[in-house]
2 protein chains.
Amino acid sequence: MAFMKEYVDILRQHGIQPTPQRLAIAAAVLHSAEHPTADDVYEEAREYSTVLSRATVYNTLNLFVEKGLLRMQILKEGTAVFDPNIERHHHFIDDDDGTIIDIPWGWLSVRGRERLAEFDIREMQVVVRGRRKK
Amino acid sequence: MAFMKEYVDILRQHGIQPTPQRLAIAAAVLHSAEHPTADDVYEEAREYSTVLSRATVYNTLNLFVEKGLLRMQILKEGTAVFDPNIERHHHFIDDDDGTIIDIPWGWLSVRGRERLAEFDIREMQVVVRGRRKK
DNA sequence: TCAAGGTTTAGACAAAGTCCAGGAACAGGC
DNA sequence: GCCTGTTCCTGGACTTTGTCTAAACCTTGA
Ligand SMILES: [Mn+2]
Ligand SMILES: [Mn+2]
Ligand SMILES: [Zn+2]
Ligand SMILES: [Zn+2]
């Protein structure tokens, strides 16, 4: 498990004490190109760490969000997903299999923000749904 | 319950047999300016119809979605909301209390669709989060 | 060695949603 | 009016997602 070294530093830099469980979870989620659910993370992290409980997965994912390592996204019915891409970006969700794909911020631009003067905007994203062409 | 007459016609026009339960649910959701959850609908519909089960609320809301009377939206953590506004539009979600507000389609325009050539787009919306100014 | 925090765990709990078998309501044909 | 087949509704069991709690388990530093 030597490749975990990298995650020790990342966690420390964010003020998080590295533990075997947290490192396994970091390895499962921080470099994922997908947008895993808590349960996805639980399954994958168990491949790295023999002992790991569901509660710890939820605690740790919430901690990572709080410390700015992850963002939680509400894009799927019934479950939150966790996104290691913390830059602003848009999302495409595939109707067939639920796959979530990042759309770079620069690819789309939203005009008309000035009509939203009644809101203090914290974030804004375009959510696109459909199918990938084959 | 005479004002239900209106809903009898709407349901028939969409190929749905009107029943007391369905009419109560229609009255609770179809003209709502809010974006109620299934449980919100359950609570309000019970004010119109004495007997109504949770299962019927879910069955009926799903039926209304299938028949095009409603759209289901994934905007809140933990629960789906139902939207009687079936025209395309955007959404603002208030961080404080979760209130969901419709943003008219024409207020915003998304440029750069041509970069999404790899997708067959079924729908697209801008999701804005923040706070309402007071 | 000891105490104090911090961390993890199992299991209880709650909420959202689906599914099923039995019964009620209803429509069309006599 | 009655029969009969279909549609509809119900309570409750069940599943999944997520939170909470008390006990146990480290660490770290005095
Ligand atoms: Mn795996
Ligand atoms: Mn009410
Ligand atoms: Zn993303
Ligand atoms: Zn809406």
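FYI, side chains are in, hydrogens and waters are out, and symmetry mates aren't considered; it's all heavy atoms of this structure. Reminder, nothing fancy here: chain letters follow the sequence lines and each chain counts from 1.
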Trainee: When you measure only distances, ignoring hydrogens and angles, does the side chain of B:Arg54 come within 3.5 Å of the base of D:dG11 through a donor and an acceptor?
Mentor: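 Donor-acceptor pair under 3.5 Å: no.
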Trainee: Side chains of B:Asn59 and B:Thr56: any donor to acceptor distance under 3.5 Å?
Mentor: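 No, because no side-chain N or O of B:Thr56 sits under 3.5 Å from a partner of the opposite role on B:Asn59.
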Trainee: To the nearest Å, how far apart are B:Met72 CE and C:dA16 P?
Mentor: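 In whole Å, C:dA16 P and B:Met72 CE are 14 Å from each other.
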Trainee: From CZ of A:Arg22 over to P of D:dC26, roughly how many Å is that when rounded to an integer?
Mentor: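 After rounding, the reported distance stands at 15 Å.
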Trainee: Rounded to the nearest Å, what distance is computed from the CG atom of residue A:Asp40 to the P atom of nucleotide D:dT16?
Mentor: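 Those two atoms, CG and P, are 14 Å apart.
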Trainee: Using the closest heavy atom to pick a nucleotide of DNA chain D for each, name whichever of B:Val51 or A:Ala38 lands nearer the 5' end.
Mentor: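 It is B:Val51 whose nearest nucleotide is closer to the 5' end.
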Trainee: Does B:Tyr58 have a side-chain nitrogen or oxygen under 4.0 Å from the phosphate oxygens OP1 or OP2 of C:dG17?
Mentor: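 It does, given that an N or O in the side chain of B:Tyr58 lies less than 4.0 Å from OP1 or OP2 of C:dG17.
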Trainee: How many whole angstroms separate atom CD of A:Gln21 from atom C1' of C:dT7?
Mentor: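 So the CD-C1' distance, A:Gln21 to C:dT7, works out to 8 Å.
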Trainee: Could you check whether any side-chain N or O of A:Lys76 sits under 3.5 Å from a backbone N or O of A:Gly98, counting only pairs where one atom can act as donor and the other as acceptor?
Mentor: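 Checking the backbone N and O of A:Gly98 against the side chain of A:Lys76, a donor-acceptor pair under 3.5 Å is found.
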Trainee: Please list residues of residues 61-69 of chain A whose heavy atoms come under 4.0 Å from any atom in DNA chain C, ordered by number; otherwise none.
Mentor: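 Nothing qualifies; none.
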Trainee: Between C:dT8, D:dG18, D:dC8, spot the one nearest the side chain of B:Thr19, thanks.
Mentor: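 Of C:dT8, D:dG18, D:dC8, D:dC8 is nearest to the side chain of B:Thr19.
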Trainee: Measure OH/B:Tyr42 against P/D:dT10 and give the value in whole Å, please.
Mentor: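 One finds 9 Å between P of D:dT10 and OH of B:Tyr42, rounded.
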Trainee: Report the distance from atom CG of A:Leu23 to atom P of C:dT7, rounded to the nearest whole Å.
Mentor: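 After rounding, the reported distance stands at 13 Å.
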Trainee: Could you tell me whether A:Arg131 and B:Asp120 make a salt bridge, using a distance below 4.0 angstrom between a side-chain N and a carboxylate O?
Mentor: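 Salt bridge flag = no for B:Asp120 with A:Arg131.
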Trainee: Contact class for B:Thr56 (heavy atom, under 4.0 Å): base, sugar-phosphate, or nothing?
Mentor: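 Base, at least one base atom sits under 4.0 Å.
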Trainee: Name all pairs fulfilling the ring pair (Phe, Tyr, Trp, His ring centres under 6.0 Å) condition that reach into residues 50-79 of chain A, sequence neighbours left out, sorted by first residue then second.
Mentor: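 Residue pairs passing ring pair (Phe, Tyr, Trp, His ring centres under 6.0 Å), neighbours aside: none found.
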Trainee: So does B:Val29 get a backbone contact from the side chain of B:His31, meaning a donor-acceptor N/O pair under 3.5 Å?
Mentor: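 No; judged by distance alone, with no hydrogens or angles, the pair does not exist.
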Trainee: Just say parallel, tilted or perpendicular for the rings of B:His35 and B:His91, cut-offs at 30° and 60°.
Mentor: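 Perpendicular, since the angle between the ring planes exceeds 60°.
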Trainee: Side chain of B:Gln17 only, please: which of C:dT9, D:dT17, D:dT7 is the nearest?
Mentor: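 Selected nucleotide: D:dT7.
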Trainee: CD1 of B:Ile16 versus P of D:dC9: gap in Å, rounded?
Mentor: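 Taking CD1 of B:Ile16 and P of D:dC9, I get 11 Å after rounding.
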Trainee: Taking the six-membered ring for Trp, are B:Trp107 and B:His90 ring centroids under 6.0 Å apart?
Mentor: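 No, the ring of B:Trp107 stays outside the 6.0 Å limit from the ring of B:His90, centre to centre.
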Trainee: Measuring from the side chain of A:Thr79 (C-beta onward, heavy atoms only), which nucleotide among D:dG18, C:dG17, C:dA10 has the closest atom?
Mentor: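 Ranking D:dG18, C:dG17, C:dA10 by closest atom to the A:Thr79 side chain puts D:dG18 first.
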Trainee: Counting only side-chain heavy atoms from C-beta out, which of D:dG12, D:dG18, C:dA10 sits nearest to A:Ala80?
Mentor: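 Of the options given, the side chain of A:Ala80 lies nearest D:dG18.
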Trainee: Side chain of A:Asn59 only, please: which of C:dA16, D:dG11, C:dT8 is the nearest?
Mentor: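 Taking heavy atoms from C-beta onward, the closest nucleotide is C:dT8.
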Trainee: Over how many whole Å does the gap from A:Glu43 atom CD to D:dT16 atom P extend?
Mentor: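 It works out to 12 Å between those atoms.
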Trainee: If you compare all heavy atoms of A:His89 against all heavy atoms of A:Asn85, which two are closest, and at what distance to 0.1 Å?
Mentor: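 In this case the closest contact between A:His89 and A:Asn85 is CE1-O, 3.1 Å.
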Trainee: By nearest nucleotide on DNA chain C, pick out whichever of B:Pro20 and B:Thr37 is the more 5' one.
Mentor: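 It is B:Thr37, whose closest nucleotide lies nearer the 5' terminus.
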Trainee: Starting the side chain at C-beta, find the nucleotide from D:dT19, C:dA10, D:dT10 nearest to A:Ser53.
Mentor: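 Output: C:dA10.
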